[in-house]
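Below: the structure, in structure tokens.
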Amino acid sequence: MQKDDPENVLGGALAPCSMEPVTGFFRDGHCNTCAEDRGSHTVCAVMTAEFLAFSKYVGNDLSTPRPEFGFAGLRPGDQWCLCAARFLQAHDEGCAPQVRLSATHSRALDIVPLAVLREHAAA
């Protein structure tokens, strides 16, 4: 798989999202993406209890540990590369988490407008 250029939504170099827990489509700590990443795991988000409950409710349980996959489960405060469409859905439902713009891949803009990402920018 060939990674897309590691550019963030602000036009700079893509910053790391999280190594603890390790995130990303490539599990390299960055929200890198490629043509095979059909979910567009490109939005670096800071988890909240509200978002984790929403994600579980809509069928993507990110909080329950899955040791068979080496996944400890996410907790509020963890950073994670979210699917861009899931982030937009959470935004539309009023429960989007904060976003680290410097660590959010520019391909997220194919799905989420920059104004929406900026609205949820982490300080």
Side-chain angles (χ1 to χ4, degrees):
M1 290 184 278
Q2 180 70 32
K3 289 181 187 177
D4 289 1
D5 289 338
E7 180 183 7
N8 68 37
V9 295
L10 303 174
L14 186 66
C17 183
S18 176
M19 289 302 291
E20 189 60 43
V22 68
T23 190
F25 181 75
F26 292 95
R27 290 299 187 260
D28 61 0
H30 292 76
C31 296
N32 282 306
T33 191
C34 65
E36 292 82 6
D37 179 12
R38 300 200 191 284
S40 188
H41 296 78
T42 51
V43 177
C44 182
V46 182
M47 296 296 101
T48 63
E50 182 181 31
F51 173 77
L52 289 169
F54 168 77
S55 190
K56 185 174 185 176
Y57 174 75
V58 296
N60 187 21
D61 183 359
L62 297 172
S63 55
T64 300
R66 297 290 304 267
E68 67 273 26
F69 299 117
F71 181 68
L74 299 177
R75 297 180 300 274
D78 286 343
Q79 295 182 166
W80 194 250
C81 294
L82 286 182
C83 292
R86 177 69 76 216
F87 172 81
L88 187 58
Q89 181 185 22
H91 165 76
D92 291 346
E93 294 295 326
C95 60
Q98 288 188 322
V99 174
R100 289 195 47 238
L101 298 175
S102 64
T104 295
H105 198 283
S106 61
R107 289 291 303 275
L109 299 174
D110 293 348
I111 298 168
V112 184
L114 182 57
V116 170
L117 292 170
R118 284 186 186 276
E119 182 181 331
H120 298 283

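- There is no path of hydrophobic side-chain contacts, each under 4.5 Å, that joins V112 to F25.
- Put simply, the side chain of P97 reaches to within 4.5 Å of the side chain of L82, judged on heavy atoms.
- A distance of 6.0 Å separates OG1 in T42 from CD1 in I111, rounded to the nearest 0.5 Å.
- Side-chain contact between R86 and S55: present, with at least one pair of heavy atoms (C-beta onward) separated by less than 4.5 Å.
- In this structure, CD in E36 is found 9.5 Å from CD in Q2, a value given to the nearest 0.5 Å.
- Applying the 6.0 Å contact sphere to CZ of R27 captures more than 12 heavy atoms from other residues, nucleotides or ligands.
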Residues 5-19 side chain polar contacts: donor-acceptor under 3.5 Å, at least two apart:
{"from": "N8", "atom 1": "OD1", "to": "L10", "atom 2": "N", "distance (Å)": "2.7"}
{"from": "N8", "atom 1": "OD1", "to": "G11", "atom 2": "N", "distance (Å)": "3.0"}
{"from": "N8", "atom 1": "OD1", "to": "G12", "atom 2": "N", "distance (Å)": "3.0"}
{"from": "N8", "atom 1": "ND2", "to": "A13", "atom 2": "O", "distance (Å)": "3.0"}
{"from": "N8", "atom 1": "ND2", "to": "S102", "atom 2": "O", "distance (Å)": "3.2"}
{"from": "S18", "atom 1": "OG", "to": "E20", "atom 2": "N", "distance (Å)": "3.2"}
{"from": "S18", "atom 1": "OG", "to": "E20", "atom 2": "O", "distance (Å)": "3.4"}
{"from": "S18", "atom 1": "OG", "to": "P21", "atom 2": "O", "distance (Å)": "2.6"}

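- Under the 4.5 Å side-chain criterion, counting only non-hydrogen atoms from C-beta, V43 is not in contact with C31.
- Criterion: ILVMFWY side-chain heavy atoms under 4.5 Å apart, direct or through other members. Under it, V22 and V46 are not part of a common hydrophobic cluster.
- In terms of heavy atoms, M1 sits closest to C34 at SD-SG, 3.9 Å.
- Each of F26 and L62 belongs to its own hydrophobic cluster when Ile, Leu, Val, Met, Phe, Trp and Tyr are linked at side-chain heavy-atom distances under 4.5 angstrom.
- Contact record, P113 with L88: CD-CD1, 4.5 Å, taken as the closest heavy-atom pair.
- Without hydrogens or angle criteria, T23 side chain to C81 main chain gives a donor-acceptor distance under 3.5 Å.
- Between F87 and H91, the angle of the ring planes stays under 30°, which puts this pair in the parallel group of the 30/60° scheme.
- Looking at heavy atoms from C-beta onward, M47 lies out of side-chain contact with Q79 at the 4.5 angstrom threshold.
- With rounding to the nearest 0.5 Å, the separation of SG in C95 from CZ in F54 is 4.5 Å.
- Heavy atoms of other residues, nucleotides or ligands lying less than 6.0 angstrom from CZ of F71 number more than 12.
- Contact between G73 and D78 at its shortest, heavy atoms only, is O-OD2, 4.2 Å.
- Here the closest heavy-atom approach between residue K3 and residue D28 is recorded as NZ-OD2, 2.9 Å.
- With R107 as the partner, the side-chain hydrogen bond (donor to acceptor under 3.5 Å, both in side chains) test is satisfied by one option alone out of D4, T33, N32, D37: D4.
- How far NE2 of H105 is from CG of D110: 10.0 Å, rounded to the nearest 0.5 Å.
- The nearest pair of heavy atoms linking A49 to P76 is N-CG, 3.6 Å.
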